[in-house]
Amino acid sequence: MSESSAFNLLDERIQHYIWSEGWTELRDAQERAAPLIVTADHDVIIAAATAAGKTEAAFLPALTRLLQHDPVDELIVYISPLKALINDQFGRLDRLCEQLDVPVWPWHGDISSSTKTRFLKGPKGVLLITPEAVEAMLCNRGTAVAATFARTLFFVIDELHAFIGSERGKQLQSLLHRIERAVGRQIPRIGLSATLGDMTFAANFLRPGHGPAVHLVESTSDAVHLKILIKGYEEPAVVRAPQPLSAQDDEAESDEDEPANNEMDASTPRYVAQHLFQMLRGSNNLVFPNSRRQVEVYTHLLTSMCHEQHVPNEFWPHHGSLSKEIRADTEAALKQQEQPATAVCTNTLELGIDIGAVKCVAQIGPPPSVASLRQRLGRSGRRKGEPAILRGYSIEDAITDGSGIGDQLRLGTVQMVAMTQLLLEKWFEPPVTQGLHLSTLVQQLLSLIAQRGGVLAADAYAMLCGRHAPFAGLAPKDFKLLLRQLSVNELILQDSSGLLLHGRVGEKFVNHYTFYAAFATEEEYRLVTSSKTLGTLPVVQLLTAGQRILFAGRTWLVMEVNEAEKTIFVKRARGGAPPMFAGGVGRVHTRVRQAMRAQLESDQPVPFVDLKAQGLLNEGRGNYRRLGLGTRVLLDQGQHVLLLTWMGDDVNEAIACLLGQHGLAAAADGPCVEIQKGKRSVAGIEAVLRQVADAEVPTLDAMLAAAKNLEREKWDWALPQGLLRRSYASLHLDLDAAVRWVRAEIGTE
DNA sequence: GACCTGCTGCGGCATG
């Protein structure tokens with residue numbers, strides 16, 4: 001250890017701690033980060049595959065710097081996307097910091113206000129806080145901001161990759177910027193992240209306008225041996241009796257023994273569950289079925305199998321609508337060592353929190369992205385010498401006369417194979433950094449007014465949209481348009497001295513605690529049984545008394561729905577359908593679509609699929625050739641025509657907008673753009689396509705003039721139309737690629 | 001036919 005130059009840079013008391021912990025060497029990232037951090041004059045990103053060691057890589061040298069002042073009178077501000085992570089880190093850091101006589105302050109919604117008051121009396125040591133809690137501080141204690149953060153040595157941002165590309169990430173950038181402006185200097189920023197391929201995106205995110213100056217510490221991770229098997233399944237075509245439209249048609253008492261729906265009879269999920277049951281029992285594993293609804297289905301199938309075979313249950317559900325207690329039970333089952341446990345989960349178990357190593361990751365259906373698949377697989381093969389194991393399950397519907405192109409080409413299986421191949425090639429989707437997130441500009445303007453008790457328009461513009469500011473690039477005239485719209489909405493008003501203040505409506509929003517989060521959430525009902533809260537359900541599908549429901553892996557009968565208290569009371573009963581949860585659609589990257597097409601054009605066997613999956617793939621390849629899709633881009637489907645682009649969703653959506661401009665009703669649909677024929681023939685549609693290829697590129701306003709329903713983010717409703725269109729397009733449309741595709745594939749030149 | 005995250009100040013009351 002004494003040979004380590006980084007070790008010698010650390011404070012003596014920290015060296016002593018390292019000895020007493022029995023560490024024999026510093027990890028690669030810790031070794032390389034230390035000299036960059038002890039000087040406290042660089043922005044640094046520490047990127048490594050797992051969380052282990054990253055926090056120490058930042059904190060050991062940062063605390064060394066803090067200890068240079070005796071007694072400690074400076075501050076390290078650690079910002080985390082999860083309360084659970086703050087609680088974890090508090091446990092780890094407090095043990096070390098107690099010996100150093102450095103106070104550690106957790107600060108989030110579950111922390112008592114007395115702790116917060118004590119911190120504010122002497123803001124020194126380490127503050128562990130969420131972005132929302134920082135927002136609340138700026139809003140409610142605006143006059144104290146400069147003094148509270150005056151002696152901040154570092155911002156440490158954990159799980160940096162989880163912030164990039166979202167409203168919350170934009171908010172974080174703005175908060176850091178506003179604090180730096182309040183204290184009148186730059187504060188070194190340290191980002192902790194999963195490896196992100198091209199780290200320039202992350203660097204530009206961490207320090208907008210100065211990305212190239214950010215120092216990168218990318219930890220070389222040992223290559224883990226991968227074992228992959230994808231199994232194919234075919235759902236038989238069955239003629240089902242029509243279902244009653246309303247649950248009220250049923251007499252609740254008369255069908256006690258009848259399953260309330262036929263989802264549980266579906267044979268294929270049962271076969272998949274049987275295979276999972278055989279392969280996963282006896283070890284710790286994660287099963288990802290892609291939706292909360294399917295988590296419920298598979299958990300119930302698997303726990304029922306344990307029950308039927310008189311063996312202890314090993315399968316536990318985990319998703320965001322389950323209560324904290326139920327989720328904690330699942331996490332505890334994974335952590336304890338006595339009994340094996342498998343979690344059936346959504347991406348709640350993808351991030352941060354420590355659940356120990358798992359043997360195998362099962363993926364049912366194609367994952368939402370290659371990046372997410374990679375993150376999921378990173379949970380397996382963490383012990384030295386053990387491989388990471390991926391078990392894929394691909395379920396296709398039987399092909400009938402009415403089957404669409406997606407079934408005929410076996411696109412689910414093709415996508416799963418293509419994504420797995422990209423994973424093996426070490427490619428994954430880059431983070432989306434070009435989003436304007438003007439919704440968050442509205443929030444930050446209202447927050448800035450609260451912080452300062454009013455702000456001049458020019459000052460607000462300089463702070464939020466000026467050079468290197470989070471919304472840099474927005475023109476002054478657009479900012480003026482925004483202000484005008486916000487005063488129409490009564491979110492703001494301008495007094496006679498030119499000061500911007502909250503309007504009647506703005507006042508109400510800012511004074512409610514829900515203001516601090518930058519992201520929107522749907523209204524939810526609590527699901528309650530006699531003894532405890534099971535979780536929450538969004539109001540998309542309201543349950544009625546007498547209905548049966550599958551939740552937390554068990555079946556329930558709805559006793560009462562209390563609208564005033566937003567509560568649904570249930571009791572245990574046999575039979576039940578998984579509830580509906582709201583949700584948009586995942587977005588597929590162009591590179592994935594191209595890999596899918598290459599897969600359909602190939603005649604090579606895929607090494608990591610079983611016989612059935614290879615059969616499905618061959619079926620898809622056969623239909624691809626039969627339909628002549630190697631050369632054709634247009635496919636007549638009767639009512640509509642399919643334009644097969646094999647581009648990403650952002651390109652296909654932009655193509656659909658371009659066609660809309662020329663009078664065609666079109667919508668992106670998987671690898672295609674679906675065009676309604678109306679009264680046109682295929683030749684007529686081809687003629688319009690040629691017009692589109694030869695025409696000038698329209699403005700965004702022209703292209704989205706007829707588009708409705710562009711509001712996606714929390715404050716989008718308050719934006720003027722033009723800015724809403726730009727904000728939407730920045731995230732969802734790739735117009736350049738769309739124009740390039742149309743000109744290359746359809747153009748007459 | 002997708003997923004996840006977060007949240008204040010204060011009034012009113014009981015208790016020591």
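Order of the sequence lines sets the chain letters (A, B, ...), proteins ahead of strands, with each chain counted from 1.
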Provide, to the nearest angstrom, the distance between the CZ atom belonging to A/Arg293 and the P atom belonging to B/dC3. 11 Å

For atom CZ of A/Arg587 and atom C1' of B/dA2, their distance in whole Å: 12 Å

Can you tabulate the close N/O pairs, meaning under 3.5 Å, that link protein atoms to atoms of nucleotides 4-9 of chain B?
residue	atom	partner	partner atom	Å
B/dC4	OP1	A/Gly320	N	2.4
B/dC4	OP1	A/Thr346	OG1	3.0
B/dC4	OP2	A/Arg292	NE	3.4
B/dC4	OP2	A/Arg292	NH1	3.4
B/dT5	OP1	A/Arg327	NH1	2.7
B/dT5	O3'	A/Pro81	O	3.4
B/dT5	O2	A/Arg168	NH1	3.3
B/dG6	OP1	A/Lys83	N	2.5
B/dG6	O3'	A/Thr130	OG1	3.3
B/dC7	OP1	A/Gly109	N	3.0
B/dC7	OP1	A/Thr130	OG1	2.7
B/dC7	OP2	A/Gly109	N	3.1
B/dC7	O2	A/Tyr513	O	2.4
B/dC7	O2	A/Thr514	N	3.2
B/dT8	O4'	A/Tyr516	OH	3.4
B/dT8	O3'	A/Asn140	ND2	3.0
B/dG9	OP1	A/Arg141	NH2	3.2
B/dG9	OP2	A/Arg141	NH2	3.2

Answer yes or no: are there more than 12 heavy-atom neighbours, outside A/Lys566 itself, under 6.0 Å from its atom NZ? yes

Near-ring test A/His437/A/Trp715, centroid separation under 6.0 angstrom: no

What class does the angle between the rings of A/Phe119 and A/Trp107 fall in, given that below 30° is parallel, 30 to 60° is tilted and above 60° is perpendicular? perpendicular

Is the side chain of A/Glu653 donor-acceptor paired with the backbone N or O of A/Val673 at a distance under 3.5 Å, no angle test? no

For the residue pair A/His512 / A/Thr514, report whether a side-chain donor-acceptor contact shorter than 3.5 Å exists. yes

